[in-house]
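Positions are given from 1, in the same order as the sequence printed here.
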Amino acid sequence: KSGAITTMSVRRAVSVWVALGAVGMARSALTVSKPNLLFMMADQLRVDTQGADARFGGKPNTPNLDKLASQGIRFTNAYSSTPTCTPARAAILTGQSPWNHGMLGYGAVAPVYPVEMPVVLRSLGYTTSSIGKDHFGWNTSDTRPPLDPKTDTGDVGSGTPHGYEQMTIYDGLVGQPDDYHQWFHRQHPEKQAEACWPTLNMNGWMGAAFTCDEYLHPTAWVGQQAVDWLTTASTTVPWFLKISFHRPHSPYDPPSRVLNATLESDLPEVMLATDDWDTVFRGSPGDPPGCGPNDSAAWCGLMPPAEQQLGRRSYYANVAFIDEWVGKIMTTLTTTNFLEKTFIIWTADHGDGQADHFHWRKGFPYQFSANVPMLFRWPASFGPTNTPRGTVITDLVTELRDVFPTMLDAAGGLHLIPSGHRIDGTSLICLLSDPTGADCNHTTPGEHGNVTALSTGWRPWLDLEHSTCYNNTNHWSALTDGRMKYIFNACEGCSFPAIEQLFNLTADPGERVGLHTNPDYAVELAKWRGRMVAQFQAEGRGPNWVSSNGTLLTRPAETYGPNYPQHGPNPPGKFQCTQTTLVAGDGIDLRPNQETSPTRICQDVHATALGQMAMTVAPTLCVQPSPAPGPGVGLSLANCSTTAVNPLQQWELPSIDKSATTVVHKSSGLCLTGSAGGTARLATCATVQSLEPGADEQHWILGASGRLCTPSGCISVVTKPSMRQTFL
């Protein structure tokens, strides 16, 4: 049977890939007998953005994606288990669940995993290329001299490869000199790429037309790079190509011609609860921070109607523009005679709130965020099959972890997964013999996530989770079979959302009515709660997750689990940071951004419900002035106040990924200030920032993974008390 694969310890797995490292050994002898593999995806793409998947009265303009759906299988219940950019991409790379690849929330993709999809495919003789968004990190030390000092910045760095031999990258990160930004600079050395969306935010909810020539748009650039790549691709050596569009992720910036053709009447109805479970997210006084129209990067809020309509039209217009380029890519596959020799998967890393339940952006357990499109097309050279083209599968739950085993199965390489290494995904190819999934195998949780049990048939339900994102109220685990969804909200001490939520997705696909208080669903609620307890116990998650009597527990945020590479488990009450235990009294200063280092956890902070700046890896420790607020006073860690507001611990933190702004200590009115010398302290808020080298810096950006940074460095724990200073 094709399907889920269980397959030696990490140490042995690494040795296997070393042994298989002579990638070129077989390429000279390979012919077109192996199929090509095309993996396409878009960022922040809701499931209902495709015409074939239109819901709630929407009329998306996606004829090319609809045609692709008619030529393969469309899955209506495909999910992103950890629905933000980086953990979703870890699932695609590894074929594993969040617990097993170790990213339980938004953080940095590990520099390397024991078994990675492009690495295995290279061992089978495939060339491996990535075009568009990877979000794997950027190495600025890998450079070459500029070809022309007047128009070329040079190759300022490269992406982390993860087995990709060729990478042409646009990650959509301001300040990252990736391939798109370098190309744009060569076209227009007088301005930055971001000048083409001057009024928009890279994580914003508002929309506007792209102000530059259409060919400069990141979607057009990714699409053209893909078309050019396919036009010159080898016809004798099999290839694996990933095409990853950054849009429709913010900024919502479609070309004006596409925006003008996208009407308000084309948009789906905004989903709002009929029992008011979602009203706390409107942005009214007392609602969570980051809600409402005053924040251009808001994650929730009731927005002004005209601005909301333009933002939603712009989002769907960006989808239509992507569809145009998908059409050009599919045409190129036909003209190069690759189409019927190529397996194709189309999906997304997560969805987008688009005002549903007053939510924007991603990272939530609800359908608008976690339910993603998934299309699977097989070549005419494969077969015979029992599943007709155009099949729609509505009763099976698929997930991003299924991409890896599907591609490996198509390449004939399932046997290469090391014995004992767990792959949680299931190959979609087994559904070509029986679309009910009866001819498939699936994995079930094993002890500590290392022992795999195989069961016949498709997985009966799917696990989802996300550690704290945007606000400590958004911290959850969930299970769904596509018909029911159970959510456990794990925030400690939060009064909302309800600690448990239950939705009937069959009767209520928009999640408008919560059933957790409905006595008619008490048995159903208990059933799903028991399933989650059983999973956490089987995975060995420990006493922070499930009590000794089998009760689900609220818990501190945990972005990186014990299975994250180079990151061991954090015992209760003991948090490691650069090999040192964090304790109250440790100092705070600036250190270089540790995004690609395993020590990055000492820089992750988040805002609490009481307005504190807490360490994500040690959420009982908060940043405050020491000894008392005043100009020149430094910062240190203290035990977080949990029952009453402590004025020493009150900060006005920026919204995640918002443009650089000040961080104000509320009780003193002083600003958090950094310097090129690596110090962090309070100082009088300046009205004008000096740009001279070594000048004080009061403009900060809070990244979604929790790093609070200026150009000179990020807020970091300094564990030697002697390094804490007061500057006068």
Roughly how far, to the nearest 0.5 Å, is [atom2] of [Y] from [atom1] of [X]?
{"X": "Leu479", "Y": "Arg529", "atom1": "CG", "atom2": "CZ", "answer": "12.0 Å"}
{"X": "Tyr79", "Y": "Asn77", "atom1": "OH", "atom2": "CG", "answer": "5.0 Å"}
{"X": "Ser467", "Y": "Asn474", "atom1": "OG", "atom2": "CG", "answer": "9.5 Å"}
{"X": "Leu502", "Y": "Lys485", "atom1": "CG", "atom2": "NZ", "answer": "11.0 Å"}
{"X": "Asp275", "Y": "Asn518", "atom1": "CG", "atom2": "CG", "answer": "10.5 Å"}
{"X": "Lys191", "Y": "Phe184", "atom1": "NZ", "atom2": "CZ", "answer": "5.0 Å"}

If we ignore hydrogens and angles and just use 3.5 Å, is the side chain of [X] paired with the main-chain N or O of [Y] as donor and acceptor?
{"X": "Thr82", "Y": "Glu465", "value": "yes"}
{"X": "Thr347", "Y": "Pro373", "value": "yes"}
{"X": "Arg512", "Y": "Leu272", "value": "yes"}
{"X": "His350", "Y": "Arg361", "value": "no"}
{"X": "Asp508", "Y": "Val513", "value": "yes"}
{"X": "Arg282", "Y": "Phe358", "value": "no"}
{"X": "Thr219", "Y": "His217", "value": "no"}
{"X": "Ser296", "Y": "Gly204", "value": "no"}
{"X": "Gln649", "Y": "Asn639", "value": "yes"}
{"X": "Trp197", "Y": "Ser250", "value": "no"}

Would a 4.5 Å heavy-atom cut-off, applied to side chains only, mark [X] and [Y] as touching?
{"X": "Thr559", "Y": "Tyr106", "result": "no"}
{"X": "Leu515", "Y": "Asn504", "result": "yes"}
{"X": "Trp476", "Y": "Leu464", "result": "yes"}
{"X": "Pro365", "Y": "His466", "result": "no"}
{"X": "Gln650", "Y": "His665", "result": "no"}
{"X": "Pro268", "Y": "Arg312", "result": "yes"}
{"X": "Leu708", "Y": "Leu672", "result": "yes"}
{"X": "His249", "Y": "Asp349", "result": "no"}

(message) Apply side-chain contact (heavy atoms from CB on, under 4.5 Å) to residues Val372 and Met41 and explain how you reach the verdict.
(response) CA-CA 10 Å; Val372 296; Met41 64 183 294; over 6 Å; no
(request) List the steps and the verdict of side-chain contact (heavy atoms from CB on, under 4.5 Å) for Asn544 and Leu553. (result) CA-CA 7 Å; Asn544 280 350; Leu553 300 175; over 6 Å; no
Give me the atom names and distance for the closest heavy-atom approach of [X] to [Y].
{"X": "Pro60", "Y": "Ala54", "value": "CD-CB, 3.7 Å"}
{"X": "Asp178", "Y": "Gly172", "value": "OD2-N, 4.2 Å"}
{"X": "Pro625", "Y": "Val633", "value": "CB-CG1, 4.1 Å"}
{"X": "Ser668", "Y": "Leu682", "value": "OG-CD1, 4.2 Å"}
{"X": "Ala614", "Y": "Cys622", "value": "CB-SG, 3.9 Å"}
{"X": "Gly482", "Y": "Val397", "value": "N-CG1, 3.5 Å"}

(message) Please evaluate residues Ile588 and Val717 with respect to the criterion side-chain contact (heavy atoms from CB on, under 4.5 Å), reporting the C-alpha separation (whole Å), side-chain torsions for both, the decisive distance (0.1 Å), and the verdict.
(response) CA-CA 5 Å; Ile588 298 291; Val717 177; 4.1 Å; yes
(message) Could you go through Tyr470 and Asn203, starting from their C-alpha distance and side-chain angles, then the distance that decides it, and tell me whether this counts as side chain to side chain donor-acceptor pair (under 3.5 Å)?
(response) CA-CA 12 Å; Tyr470 312 132; Asn203 276 289; 5.7 Å; no
(request) Any chance you could lay out the side chain to side chain donor-acceptor pair (under 3.5 Å) test for His475 and Glu558, step after step, and finish with the verdict? (result) CA-CA 10 Å; His475 178 201; Glu558 187 175 358; over 6 Å; no
Please work out which of the three classes, parallel, tilted or perpendicular, describes the rings of [Y] and [X], given edges at 30° and 60°.
{"X": "Tyr180", "Y": "Trp221", "value": "perpendicular"}
{"X": "His359", "Y": "Phe368", "value": "tilted"}
{"X": "Tyr366", "Y": "Phe503", "value": "perpendicular"}

(request) Test Tyr170 against Gln176 for side chain to side chain donor-acceptor pair (under 3.5 Å), laying out the working first. (result) CA-CA 9 Å; Tyr170 172 62; Gln176 176 174 292; over 6 Å; no
(message) The test is side chain to side chain donor-acceptor pair (under 3.5 Å); show your working for Asp253 and Asn318 and say whether it passes.
(response) CA-CA 7 Å; Asp253 63 341; Asn318 258 342; 3.3 Å; yes
(message) Which residue is it: His246, Lys362, Lys133, Arg247? I am looking for the one with a side chain to side chain donor-acceptor pair (under 3.5 Å) to Asp43.
(response)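 Exactly one option meets the side chain to side chain donor-acceptor pair (under 3.5 Å) with Asp43, and it is Lys133.
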(request) For the pair Asp134 and Arg89, find out whether any cationic side-chain nitrogen is under 4.0 Å from an anionic carboxylate oxygen. (result)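 Looking at Asp134 and Arg89, the cut-off is not met.
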(request) Verify side-chain contact (heavy atoms from CB on, under 4.5 Å) between Tyr316 and Lys59, making sure each step is shown before the conclusion. (result) CA-CA 10 Å; Tyr316 279 88; Lys59 293 175 285 188; over 6 Å; no
(message) Tell me whether Glu214 at atom CD has more than 12 heavy atoms from other residues, nucleotides or ligands lying less than 6.0 Å away.
(response)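 Counting neighbours around CD of Glu214, more than 12 heavy atoms of other residues, nucleotides or ligands fall under 6.0 Å, so yes.
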